[in-house]
Amino acid sequence: MTEGTTSAAEGGDTLTRLEQEGEIAADYLEGLLDIADLDGDIDMDVEADRASVSIISDSGSRDLQKLVGRDGEVLEALQELTRLAVHRETGDRSRLMLDIAGFRAQKRTELAQLGAKAADEVKSSGKPVKLDPMTPFERKVVHDAVAAAGLRSESEGEEPQRFVVVLPA
């Protein structure tokens with residue numbers, strides 16, 4: 001067996017494992033929706049080497065906003081509970097991402113714009129820019145946007161007050 005064949009097999013194994021994580025998460029979330037008597041469809045995908053599960057509503061109902069909570073706090077908690085459900089079934093740590101009613105997708109867009117704006121500010125002033133504390137997901141999006149703008153950034157501080165500093169080139 002050649003190295004390329006092994007890599008392809010490992011890639012297939014990874015995809016299968018991530019798809020399994022998504023299915024376990026979907027089953028868990030469907031049960032949660034039933035208990036809460038909320039309507040929503042579950043969409044599963046694999047993006048950036050992690051399972052991604054979204055709960056969406058056809059009716060445009062605001063009921064799913066209850067599962068997002070203020071500033072995504074309930075969403076973060078549900079994501080952790082879903083990861084624990086996956087861990088219980090598989091025995092492996094999960095990096096699954098959960099989105100509800102498009103909250104994370106919208107947040108990702110806003111954070112990418114914030115990272116680009118901070119990078120522009122650093123380019124023009126030549127001075128580092130410190131941003132407000134963020135969750136790990138939010139910091140990752142900002143780091144990616146800053147890197148795309150050709151600068152570098154670092155996270156500083158301790159959770160939950162950890163923040164991004166955008167640095168000059």
Side-chain angles (χ1 to χ4, degrees), residues 11 14-15 17-18 21-22 24-26 28-29 32 36 38 40 42-57 60-88 90 92-169:
T14 299
L15 181 60
R17 181 181 52 79
L18 293 174
E21 281 186 23
I24 293 167
Y28 175 79
L29 292 165
L32 179 79
L38 295 172
I42 298 183
D43 184 35
M44 297 178 294
D45 200 3
V46 173
E47 346 176 307
D49 290 333
R50 64 171 57 185
S52 174
V53 178
S54 300
I55 301 175
I56 54 177
S57 176
S61 169
R62 304 232 353 117
D63 286 344
L64 289 182
Q65 292 303 317
K66 296 174 187 173
L67 297 179
V68 173
R70 186 176 54 105
D71 296 327
E73 290 172 341
V74 176
L75 171 58
E76 289 290 331
L78 286 174
Q79 177 175 277
E80 287 307 310
L81 288 172
T82 305
R83 286 177 175 177
L84 286 171
V86 170
H87 176 74
R88 186 184 71 226
T90 65
D92 295 326
R93 181 179 173 272
S94 174
R95 296 177 51 234
L96 176 128
M97 288 296 294
L98 175 62
D99 191 7
I100 299 174
F103 178 82
R104 269 198 214 279
Q106 180 180 342
K107 190 78 167 172
R108 182 178 281 122
T109 300
E110 292 169 3
L111 290 165
Q113 291 171 349
L114 174 67
K117 182 180 174 188
D120 288 343
E121 186 178 330
V122 169
K123 284 178 181 177
S124 66
S125 73
K127 296 180 182 177
V129 171
K130 293 181 183 181
L131 301 176
D132 292 334
M134 299 177 188
T135 66
F137 161 77
E138 293 169 337
R139 290 192 310 269
K140 169 80 169 95
V141 173
V142 172
H143 286 305
D144 290 348
V146 169
L151 294 181
R152 63 186 187 90
S153 57
E154 297 175 351
S155 292
E156 293 183 5
E158 298 294 322
E159 295 292 354
Q161 296 300 312
R162 201 156 166 80
F163 58 94
V164 173
V165 179
V166 181
L167 302 164

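As the structure is a prediction and not an experimental result, all values here were calculated from the model.
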Enquirer: Not counting sequence neighbours, which residues clear side chain to side chain donor-acceptor pair (under 3.5 Å) with Arg95? List them please.
Expert: none
Enquirer: Side chains of Leu114 and Glu138: does their closest heavy-atom pair fall under 4.5 Å?
Expert: no
Enquirer: Kindly determine whether Leu81 and Tyr28 satisfy side chain to side chain contact (heavy atoms under 4.5 Å, CB included), including the steps that lead there.
Expert: CA-CA 9 Å; Leu81 288 172; Tyr28 175 79; 3.5 Å; yes
Enquirer: Does the side chain of Leu64 reach to within under 4.5 Å of the side chain of Phe103, using non-hydrogen atoms?
Expert: no
Enquirer: Could you give all pairs that pass the salt bridge (Lys or Arg N to Asp or Glu O under 4.0 Å) test and reach residues 117-132, with sequence neighbours left out?
Expert: none
Enquirer: Taking side chain to side chain donor-acceptor pair (under 3.5 Å) as the cut-off, I'd like each qualifying pair that reaches into residues 158-169, sequence neighbours left out, listed once.
Expert: Arg139-Glu159
Enquirer: Side chains of Leu29 and Leu98, heavy atoms from C-beta outward: is any pair under 4.5 Å?
Expert: yes
Enquirer: Kindly state each residue pair satisfying side chain to side chain donor-acceptor pair (under 3.5 Å) with at least one member in residues 74-87, sequence neighbours excluded.
Expert: Glu76-Arg104, Gln79-Arg104, Glu80-Arg83
Enquirer: Would Val164 and His143 count as a side chain to side chain contact (heavy atoms under 4.5 Å, CB included) here? Give the steps.
Expert: CA-CA 8 Å; Val164 173; His143 286 305; 4.0 Å; yes
Enquirer: Looking at residues at least two apart in the chain, or sitting in another chain, which of them share a side chain to side chain donor-acceptor pair (under 3.5 Å) with Asp71?
Expert: none
Enquirer: Show me the donor-acceptor pairs within less than 3.5 Å that the side chains of residues 105-112 make with the rest of the protein, sequence neighbours left out.
Expert:
unit_1 : atom_1 : unit_2 : atom_2 : d
Gln106 : NE2    : Glu110 : OE2    : 3.1
Thr109 : OG1    : Ala105 : O      : 3.2

Enquirer: So how far is it from Ile100 CD1 to Leu38 CG, rounded to the nearest 0.5 Å?
Expert: 9.5 Å
Enquirer: Rounded to the nearest 0.5 Å, how far does CG of Leu84 lie from CG of Leu96?
Expert: 11.0 Å
